Chemist: 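One structure, pasted below without further comment.
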Amino acid sequence: MEKVLLYKGKSKSVYAGENINTCILEYRDSATAGNGAKKAELDGKGALNAEISSILYQYLEKYGIETHFIKKLDDTRILAKRVDIINVEVIVRNKAAGSFSKKYGVPEGTALKNTVVEFCLKSDELGDPMMNESQITALGIASQEDLEILKNRSLRINSLLSSLFDKCGITLVDFKLEFGMYDGRIILADEISPDSCRFWDKATGKKLDKDRFRRDLGDVLDAYREVLRRLKNAQQV
Ligand code: TMP
């Protein structure tokens, strides 16, 4: 069957599935940072992220979170439900890091008195600007009711993932989620991987995520492989 490209993102391509309700996500080796300012090909990243994301989505499904994941097709491709993406990214933070630390002048690793949930407009041209709820509802990007679902769902996903990563000896510092509409329901879409999360080793504080690429720390894929190894071990216990 001829592949029909629906969308090419910075690290994934989305192809039409065999029927209108499905699509095929292909994880590529491309790595970008600074909204595309820095680019590289990291040989094997696509396969690592496809496997890590598949494990996490199956884990979340087990706990009642509906995701777009249907099945893994091969090393880098996943069959998924075809959703209409909601144009906001949801960022969840358990500790200060990254843009939060920079913007508010707090050292990375600072404890937070509550979990932070942020919304950003999904727009590469505008650099994914942060949006508050009234801005999102004013532009009709999502309703207040949908925003409540996004917040509650993201916090539940945070509890589930934090406890899984705890078993892996990893602190889930922060992460980004994307949701979509499928058959009238909001479901989790996109990916959860070291590209979209901050993972810190609990014992050493070592970064095991894309900050190794963003900040030129080296051994990027060794870190991704370590996350996968620990997730596989945690699944066996
Ligand atoms: P930030 O500290 O740069 O705002 O990022 C917070 C988390 O969200 C971090 O784990 C990286 C992830 N993220 C993405 O995956 N894609 C994005 O476009 C942004 C802005 C953040």
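Keep in mind the model is a prediction, meaning the values are calculated, not measured. The residues of the chain are indexed from 1 along the displayed sequence.
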Chemist: Whether D209 and K207 form a salt bridge (side-chain N of Lys/Arg under 4.0 Å from carboxylate O of Asp/Glu) is what I want to check.
Modeler: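 Salt bridge absent between K207 and D209.
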Chemist: Would you say the side chain of D128 lies within less than 4.5 Å of the side chain of N35, judging by non-hydrogen atoms?
Modeler: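 Result no, sub-4.5 Å side-chain heavy-atom pair not found.
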Chemist: So do the side chains of R77 and K71 get within less than 4.5 Å of each other, counting heavy atoms only?
Modeler: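 Counting from C-beta outward, R77 and K71 never come under 4.5 Å.
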Chemist: Do you know the tightest heavy-atom contact between R214 and D195?
Modeler: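 So the two residues come closest at NH2-O, 3.6 Å.
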Chemist: Would a 4.5 Å heavy-atom cut-off, applied to side chains only, mark I136 and N87 as touching?
Modeler: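 A side-chain contact under 4.5 Å is absent here.
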Chemist: Of all heavy-atom pairs between P107 and T110, which one has the smallest distance, and what is that distance?
Modeler: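 Heavy atoms of P107 and T110 come nearest at O-OG1, 2.6 Å.
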Chemist: CD of E133 to CG of D146: how many Å apart, nearest 0.5 Å?
Modeler: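 Rounded to the nearest 0.5 Å, the CD-CG separation comes to 11.5 Å.
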Chemist: Hey, could you give me the CG/CG distance between L147 and N132, rounded to the nearest 0.5 Å?
Modeler: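 Taking CG in L147 and CG in N132, the distance rounds to 10.0 Å.
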Chemist: Look at the side chain of R82 and the backbone N and O of A16, then say whether any donor-acceptor pair between them is shorter than 3.5 Å.
Modeler: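 No; judged by distance alone, with no hydrogens or angles, the pair does not exist.
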Chemist: So do the side chains of L231 and V227 get within less than 4.5 Å of each other, counting heavy atoms only?
Modeler: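 SC-SC contact between L231 and V227 confirmed.
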Chemist: With K45 as reference, evaluate N49, D43, L48 under the side-chain contact (heavy atoms from CB on, under 4.5 Å) test and give the passing residue.
Modeler: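 Going through N49, D43, L48 one by one, the side-chain contact (heavy atoms from CB on, under 4.5 Å) with K45 is satisfied by N49 alone.
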Chemist: On a heavy-atom basis, which atom in S13 and which in R28 lie closest, and how many Å separate them?
Modeler: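 Scanning both residues, the minimum pair turns out to be OG-NH1, 2.9 Å.
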Chemist: Going by ring-ring contact (aromatic ring centres under 6.0 Å, His included), name the pairs with one or both residues in residues 166-223, residues two or more places apart or in two chains.
Modeler: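 Listed once each, the pairs are F165-F199.
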Chemist: Is it the case that one hydrophobic cluster holds both V88 and V92, taking links as side-chain heavy atoms less than 4.5 Å apart, direct or via other members?
Modeler: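 Yes.
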Chemist: Evaluate the criterion side-chain hydrogen bond (donor to acceptor under 3.5 Å, both in side chains) for residue pair S143 and E145; output intermediate values, then yes/no.
Modeler: CA-CA 5 Å; S143 66; E145 197 185 4; 4.6 Å; no
Chemist: Is there a path of hydrophobic side-chain contacts, each under 4.5 Å between heavy atoms of I/L/V/M/F/W/Y residues, joining L155 to Y63?
Modeler: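 Yes; L155 is reachable from Y63 via cluster members.
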Chemist: In plain terms, say whether K95 and E108 are close enough for a salt bridge, that is, a side-chain N and a carboxylate O under 4.0 Å apart.
Modeler: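 Between E108 and K95 there is no salt bridge, as every charged N stays at least 4.0 Å from the carboxylate O atoms.
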Chemist: Decide side-chain hydrogen bond (donor to acceptor under 3.5 Å, both in side chains) for T67 and E61; before the verdict, give the C-alpha distance in whole Å, the side-chain angles of both, and the deciding distance to 0.1 Å.
Modeler: CA-CA 7 Å; T67 78; E61 289 274 357; 2.8 Å; yes
Chemist: Let me see the working for E66 and L188 under side chain to side chain contact (heavy atoms under 4.5 Å, CB included), right down to the final yes or no.
Modeler: CA-CA 6 Å; E66 188 179 3; L188 182 63; over 6 Å; no
Chemist: Looking at K202 and D166, is there a salt bridge between them, counting it only when a charged N and a carboxylate O are closer than 4.0 Å?
Modeler: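 Yes, this pair counts.
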Chemist: Could you give all pairs that pass the ring-ring contact (aromatic ring centres under 6.0 Å, His included) test and reach residues 132-164, with sequence neighbours left out?
Modeler: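 Every pair satisfying ring-ring contact (aromatic ring centres under 6.0 Å, His included) with a residue in residues 132-164: there are none.
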Chemist: Compute whether any side-chain donor of one residue and acceptor of the other, for S30 and E41, lie under 3.5 angstrom apart.
Modeler: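 Present: a donor and an acceptor within the cut-off.
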Chemist: When clusters are formed by joining ILVMFWY residues with side-chain heavy atoms under 4.5 Å apart, either directly or through shared neighbours, do V220 and L217 land in the same one?
Modeler: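 No, V220 does not connect to L217 through the hydrophobic network.
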Chemist: Quick check: closest heavy atoms across L177 and S154, and the distance to 0.1 Å?
Modeler: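 Scanning both residues completely, I find the closest heavy atoms to be CD1-OG, 3.7 Å.
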Chemist: Any heavy-atom pair between the side chains of V173 and N94 that's under 4.5 Å?
Modeler: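 No, their side chains stay 4.5 Å or more apart.
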Chemist: Treat each ILVMFWY residue as a node, draw an edge where side-chain heavy atoms are under 4.5 Å apart, and state whether M181 and I157 are in one component.
Modeler: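 M181 clusters together with I157.
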Chemist: Is any side-chain heavy atom of V4 closer than 4.5 Å to a side-chain heavy atom of Y15?
Modeler: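 No, their side chains stay 4.5 Å or more apart.
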Chemist: Can you tell me how far OH of Y27 sits from CD1 of I52, rounded to the nearest 0.5 angstrom?
Modeler: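 Between atom CD1 of I52 and atom OH of Y27 there are 10.0 Å.
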Chemist: Checking side-chain polar atoms at under 3.5 Å, does R93 have a donor or acceptor matched by the opposite partner on S99?
Modeler: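 Looking only at side-chain atoms, S99 and R93 do form a donor-acceptor pair, the distance falling under 3.5 Å.
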Chemist: Less than 4.0 angstrom from a charged side-chain N to a carboxylate O is my criterion; do E26 and K12 meet it?
Modeler: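 Judged by the 4.0 Å cut-off on N to carboxylate O distance, E26 and K12 do not form a salt bridge.
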Chemist: If only side-chain N and O atoms count, and only distance matters, is there a donor-acceptor pair under 3.5 Å linking T204 with D201?
Modeler: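 Yes, side-chain donor-acceptor contact under 3.5 Å.
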Chemist: With a 4.5 Å limit on heavy-atom distance, are the side chains of L121 and I141 in contact?
Modeler: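 Answer yes - side chains close enough.
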Chemist: Please report the closest heavy-atom contact between A189 and I85, naming both atoms and the distance.
Modeler: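 Taking A189 first and I85 second, the nearest heavy atoms are CB-CD1, 3.8 Å.
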Chemist: Whether K232 and E51 form a salt bridge (side-chain N of Lys/Arg under 4.0 Å from carboxylate O of Asp/Glu) is what I want to check.
Modeler: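 The answer is yes: the pair qualifies as a salt bridge.
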Chemist: Are I91 and I186 joined in one hydrophobic group, where the rule is that I, L, V, M, F, W and Y side chains link up if heavy atoms are under 4.5 Å apart?
Modeler: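 In one cluster with I91: I186, no.
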Chemist: Above 12 or not: heavy atoms from other molecules or residues under 6.0 Å from NZ of K39?
Modeler: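 No, because the 6.0 Å sphere around NZ of K39 holds 12 heavy atoms or fewer from other groups.
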Chemist: Are there more than 12 heavy atoms of other residues, nucleotides or ligands under 6.0 Å from atom CD1 of I20?
Modeler: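 Incorrect, the count does not exceed 12.
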Chemist: How close do C197 and I192 get, counting heavy atoms only, and between which atoms?
Modeler: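 Closest heavy-atom pair between C197 and I192: SG-CG2, 3.5 Å.
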Chemist: Answer yes or no: is there an ion pair linking D174 with R198, defined by an N-O contact shorter than 4.0 Å?
Modeler: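 Result for this pair is yes, salt bridge flagged.
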Chemist: In Å and rounded to the nearest 0.5 Å, what is the CD1 to CZ distance from I149 to R185?
Modeler: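 Atom-to-atom, I149:CD1 and R185:CZ are 12.0 Å apart.
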